Amino acid sequence: MICSPLHEAVRQLRDGKVIAYATEAVFGLGCDPDNQQAVLQLLDIKQRPIEKGLILVAATWEQLQPYIDMDAVPEANLATAMASWPGPFTWVMPATPQTPRWLTGQFSSLAVRISAHQQVQALCREFGKPIISTSANLTSNPPCRTTEEVRSQFSALPLYVLAGTVSGSANPSQILDVMTGQTLRPA
């Protein structure tokens, strides 16, 4: 039986592999956030220190809830975040004590986003939970915006690339702090 590209990407995620996929603005690198070995492999590919923390992208709020300390977020602040989703807004929220440090890094919070990108939505729905979302680029290179750029920049790595198209946004997602409303990274 022939496997669709989406099903192959999900199989790769379940097998602990890192994949590349299109998002709103750039291609992202992703993996299973609960698989420490996969996350460490992703960090190694990116040459990104674990202390910086990572972003989770999801199809629904329910997928993010196991990672977020719901009791610590004021209801009005959560309503503001929810009103921005799905969309290109990443919110830094208090993490549960169970959220792995390989996701939060040096912080007690976690950056999360509910994507409006159809392929990201389908990927997370099929996988059944959120995935890591960090820009697909090697250190000192610009983030990839096409399938061809990903294949060229990562040609030396065994990386599954889910072909797709970025939604057209020129900038990465805006990052905001849910507790203060402060913009941490402008759009």
Side-chain angles (χ1 to χ4, degrees), residues 10 13-14 18-19 21-36 38-40 42-43 46 48-137 143 166-187:
V10 170
L13 291 169
R14 289 187 178 136
V18 176
I19 67 165
Y21 58 95
T23 70
E24 287 87 351
V26 298
F27 265 75
L29 292 179
C31 65
D32 180 347
D34 299 314
N35 183 326
Q36 183 178 12
V39 174
L40 294 176
L42 181 144
L43 292 170
K46 280 280 293 185
R48 179 184 175 93
I50 196 169
E51 294 78 24
K52 288 180 97 173
L54 291 162
I55 296 173
L56 293 187
V57 66
T60 65
W61 170 241
E62 291 73 25
Q63 289 184 337
L64 296 171
Q65 287 180 7
Y67 304 90
I68 303 303
D69 182 354
M70 300 289 296
D71 295 332
V73 182
E75 196 172 306
N77 299 38
L78 183 58
T80 299
M82 297 298 286
S84 73
W85 287 333
F89 297 93
T90 298
W91 289 88
V92 176
M93 298 189 176
T96 66
Q98 297 78 27
T99 301
R101 290 294 148 225
W102 61 78
L103 298 179
T104 61
Q106 66 183 343
F107 306 101
S108 59
S109 57
L110 182 64
V112 295
R113 182 172 82 249
I114 299 174
S115 179
H117 192 279
Q118 284 188 315
Q119 190 176 54
V120 174
Q121 283 267 328
L123 185 60
C124 292
R125 285 185 195 286
E126 185 71 24
F127 188 47
K129 63 181 179 178
I131 60 174
I132 300 289
S133 183
T134 186
S135 61
N137 62 297
V166 298
S167 300
S169 176
N171 299 314
S173 66
Q174 184 174 6
I175 300 178
L176 303 118
D177 185 313
V178 78
M179 302 303 282
T180 65
Q182 178 184 4
T183 299
L184 304 175
R185 180 177 75 190

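For clarity, every value in this text was computed on a predicted model and none was experimentally measured. Quick note: numbers below take in every heavy atom, side chains included, and nothing from hydrogens, waters or symmetry partners.
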* Do Lys46 and Asn137 come close enough that some side-chain heavy atom pair is under 4.5 Å? -> yes
* **Enclosure of Gln65 CD (heavy-atom neighbours >12, cutoff 6.0 Å)** => yes
* Taking all non-hydrogen atoms of both residues into account, name the closest pair between Pro130 and Tyr67 and its distance. => CG-CE1, 3.6 Å
* Which atom of Ala59 lies closest to which atom of Gln121, heavy atoms considered -> O-NE2, 3.1 Å
* Are any side-chain N or O atoms of Arg101 and backbone N or O atoms of Phe107, one a donor and one an acceptor, separated by less than 3.5 Å? -> yes
* Taking side chain to side chain contact (heavy atoms under 4.5 Å, CB included) as the test, write out the residues that go with Leu40, two or more places apart. => Gln36, Leu43, Ile50
* First locate atom CG of Leu56, then atom CG of Leu103, and finally report the distance between them rounded to the nearest 0.5 Å. => 5.5 Å
* To do: Indicate yes or no: at least one non-hydrogen side-chain atom of His117 is less than 4.5 angstrom from one of Pro88.
  => no
* To do: Any chance you could lay out the side chain to side chain contact (heavy atoms under 4.5 Å, CB included) test for Val57 and Ile131, step after step, and finish with the verdict?
  => CA-CA 6 Å; Val57 66; Ile131 60 174; 3.6 Å; yes
* **All pairs passing side chain to side chain donor-acceptor pair (under 3.5 Å) where residues 48-59 contributes a residue, at least two apart** => none
* Asked: Residues two or more places apart in sequence or in another chain: which of them pass side chain to side chain contact (heavy atoms under 4.5 Å, CB included) with Ser108?
  -> none
* Nearest 0.5 Å please: distance from the OG1 atom of Thr90 over to the CD1 atom of Ile55. => 4.5 Å
* Asked: Under 4.5 Å between any side-chain heavy atoms of Leu123 and Val10, yes or no?
  -> yes
* Asked: At their closest point, which heavy atom of Glu126 faces which heavy atom of Arg14, and how far apart are they?
  -> O-NH2, 3.0 Å
* Over all atoms of both residues, closest heavy-atom pair of Trp85 and Val112 -> CZ2-O, 3.5 Å
* Mind checking whether Thr96 and Pro66 have side chains closer than 4.5 Å, heavy atoms only? -> no
* Indicate yes or no for a side-chain donor-acceptor contact from Thr60 to the backbone of Gln63 under 3.5 Å, with no hydrogens or angles considered. => yes
* Structure fact -> Across all chains, not counting sequence neighbours, the salt bridge (Lys or Arg N to Asp or Glu O under 4.0 Å) partners of Asp69 are none
* Structure fact -> Residues Arg113 and Ser173: closest non-hydrogen pair is NH1-OG, 3.5 Å
* **Leu29 and Ile132, any side-chain heavy atoms less than 4.5 Å apart** => no
Return a table of donor-acceptor pairs under 3.5 angstrom between the side chains of residues 75-82 and protein atoms on other chains or two or more places apart.
unit_1, atom_1, unit_2, atom_2, d
Asn77, ND2, Val178, O, 2.7
Asn77, ND2, Met179, O, 3.2
Thr80, OG1, Ala76, O, 3.1

* Check against side chain to side chain contact (heavy atoms under 4.5 Å, CB included), Trp91 and Ile68 -> CA-CA 11 Å; Trp91 289 88; Ile68 303 303; over 6 Å; no
* Asked: Which heavy atom in Cys31 sits nearest to a heavy atom in Leu42, and how many Å separate them?
  -> SG-CD1, 4.0 Å
* salt bridge (Lys or Arg N to Asp or Glu O under 4.0 Å) involving Lys129 - partner list, sequence neighbours excluded -> Asp32, Asp34
